[in-house]
Amino acid sequence: MKASPGARSWMAAGVRHELLTRALPALRHDMAAPVSVIRMGILLLKRQVTAAENPDAPAWAERVAMIENQVNALASGVRSLRDWELATHDDGITRSALVAQCTGLMRVAFDLNGVALHVGEDLSPEEGEPNFPAAAALRYMFLGALGYLHDCVPNVGAIDVEAQGADGLRFSATPGEPSAADPVAGAHRAPRALAIDAIALQSLADGLGYEVAVEPQAVRFALVAGQASA
């Protein structure tokens, strides 16, 4: 018996929440790093104010500029959280930028678990690349494909991300050594309430309007909603 539209929508929302939870450690790090630099810069300024009889104006200006730059970086990181809202209008994203963003978010977590992420040379940035609409939805699809292969392929050692035609992506997993995972990896991994299996990935794709091809050790999808990847 097929699930009702309401049940499918609920499941797709649960999968999106799970994927965002997995990406949060990297997002938090991007926002926490500027805070540490800001605190250090303010502490140094306080010491200079207290100790200096003849203030060094250039040095002060340098410290203030550093703090301003880090505040801007922090604000940018906070604003980036809005990019995960499906209801937020965005300007789309190129295929290479999508790959760079998502692999950048997940690379450390995957490395800690002994899973390497390999990106094909045909996904390097190129001038004049087309923009694909709905960047937030595409991020969820990309992370869903990674999550499926990570969770469901036994003893996965590497995941290769390659271009599929002009507007698609193909993810494939290869086995690794049983001892490849870092023994402390679990301490650095976000809690996982939901395994991304084939049903979860298909529910995610249905909820977002994308066609996805799910195989035991590979996933393919096109970056245009409603269009199958050849």
Side-chain angles (χ1 to χ4, degrees), residues 1-27 80-90 92-95 97-107 109-110 113 115 117 119 123 132-154 156 159-165 167-173 189-230:
M1 184 174 66
K2 290 186 177 180
S4 66
R8 290 197 299 269
S9 176
W10 178 87
M11 185 172 209
V15 175
R16 293 199 306 272
H17 180 269
E18 172 67 19
L19 294 172
L20 179 56
T21 299
R22 296 186 187 194
L24 272 177
L27 294 172
S80 73
L81 292 177
R82 293 183 302 182
D83 295 341
W84 294 82
E85 289 289 337
L86 295 177
T88 302
H89 173 75
D90 61 57
I93 192 168
T94 65
R95 183 165 59 178
L98 174 69
V99 172
Q101 270 187 21
C102 293
T103 54
L105 280 172
M106 304 307 297
R107 190 177 298 280
F110 274 55
N113 285 275
V115 181
L117 292 178
V119 176
L123 289 172
F132 295 94
L138 289 172
R139 271 189 289 272
Y140 282 116
M141 286 297 300
F142 194 108
L143 296 182
L146 290 182
Y148 165 75
L149 295 174
H150 179 273
D151 293 0
C152 295
V153 175
V156 59
I159 296 175
D160 293 282
V161 185
E162 301 170 306
Q164 181 81 19
D167 59 1
L169 288 169
R170 183 177 188 274
F171 304 74
S172 57
R189 187 176 69 183
R192 296 189 176 179
L194 174 71
I196 309 299
D197 58 14
I199 295 174
L201 182 56
Q202 187 64 61
S203 297
L204 175 70
D206 290 345
L208 296 174
Y210 290 89
E211 297 286 340
V212 63
V214 184
E215 304 169 20
Q217 295 191 169
V219 174
R220 292 180 287 113
F221 69 89
L223 304 185
V224 179
Q227 179 176 311
S229 180

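Side chains are part of it too, since the values below use all heavy atoms of this structure and drop only hydrogens, waters and symmetry mates. These figures come from a predicted structure and were not determined experimentally.
- In this structure, CD1 on I199 lies 11.5 Å from CG on D206, to the nearest 0.5 angstrom.
- Partners of A198 under the side-chain contact (heavy atoms from CB on, under 4.5 Å) rule, at least two apart in sequence or in another chain, are Y148, V214.
- Distance check: E211 CD to Q202 CD gives 8.0 Å after rounding to the nearest 0.5 Å.
- The minimum heavy-atom distance between C102 and L143, with the atom names listed, is CB-CD2, 4.0 Å.
- Residues that satisfy the side chain to side chain donor-acceptor pair (under 3.5 Å) test with D197, not counting sequence neighbours, are absent from this structure.
- A pairwise comparison of heavy atoms in A200 and A195 identifies CB-O, 4.1 Å as the closest pair.
- Looking at L208, L201, L169 one by one, the single match for side chain to side chain contact (heavy atoms under 4.5 Å, CB included) with F221 turns out to be L169.
- Checked by atom type and distance alone, the side chain of R107 pairs as donor or acceptor with a backbone atom of L117 at under 3.5 Å.
- Residues passing the side-chain contact (heavy atoms from CB on, under 4.5 Å) test with Q217, sequence neighbours excluded: V153.
- D151 places a side-chain N or O within donor-acceptor distance of the main-chain N or O of I196, the cut-off being under 3.5 Å.
- Side chains of L146 and I159 form a contact here, defined as non-hydrogen atoms less than 4.5 Å apart.
- Considering CD of E18 and OH of Y140, their distance stands at 11.5 Å, rounded to 0.5 Å.
- Contact between D167 and R95 at its shortest, heavy atoms only, is N-NH1, 3.7 Å.
- Remark: E162 pairs with no residue by the side chain to side chain donor-acceptor pair (under 3.5 Å) rule, at least two apart or across chains.
- The ring pair (Phe, Tyr, Trp, His ring centres under 6.0 Å) search around F142 returns F171, not counting sequence neighbours.
- Nearest heavy-atom pair, Y210 versus A225, reported as atom, atom and distance to 0.1 Å: CE2-N, 3.5 Å.
- The heavy-atom pair separating V212 from A205 by the smallest distance is CG1-CB, 3.4 Å.
- In this structure, the separation between CG on L19 and CG on L105 is 11.5 Å, given to the nearest 0.5 Å.
- No donor-acceptor pair under 3.5 Å is formed between the side chain of R139 and the backbone N or O of L98.
- The two residues G147 and R22 have their closest heavy-atom pair at CA-NH1, 3.9 Å.
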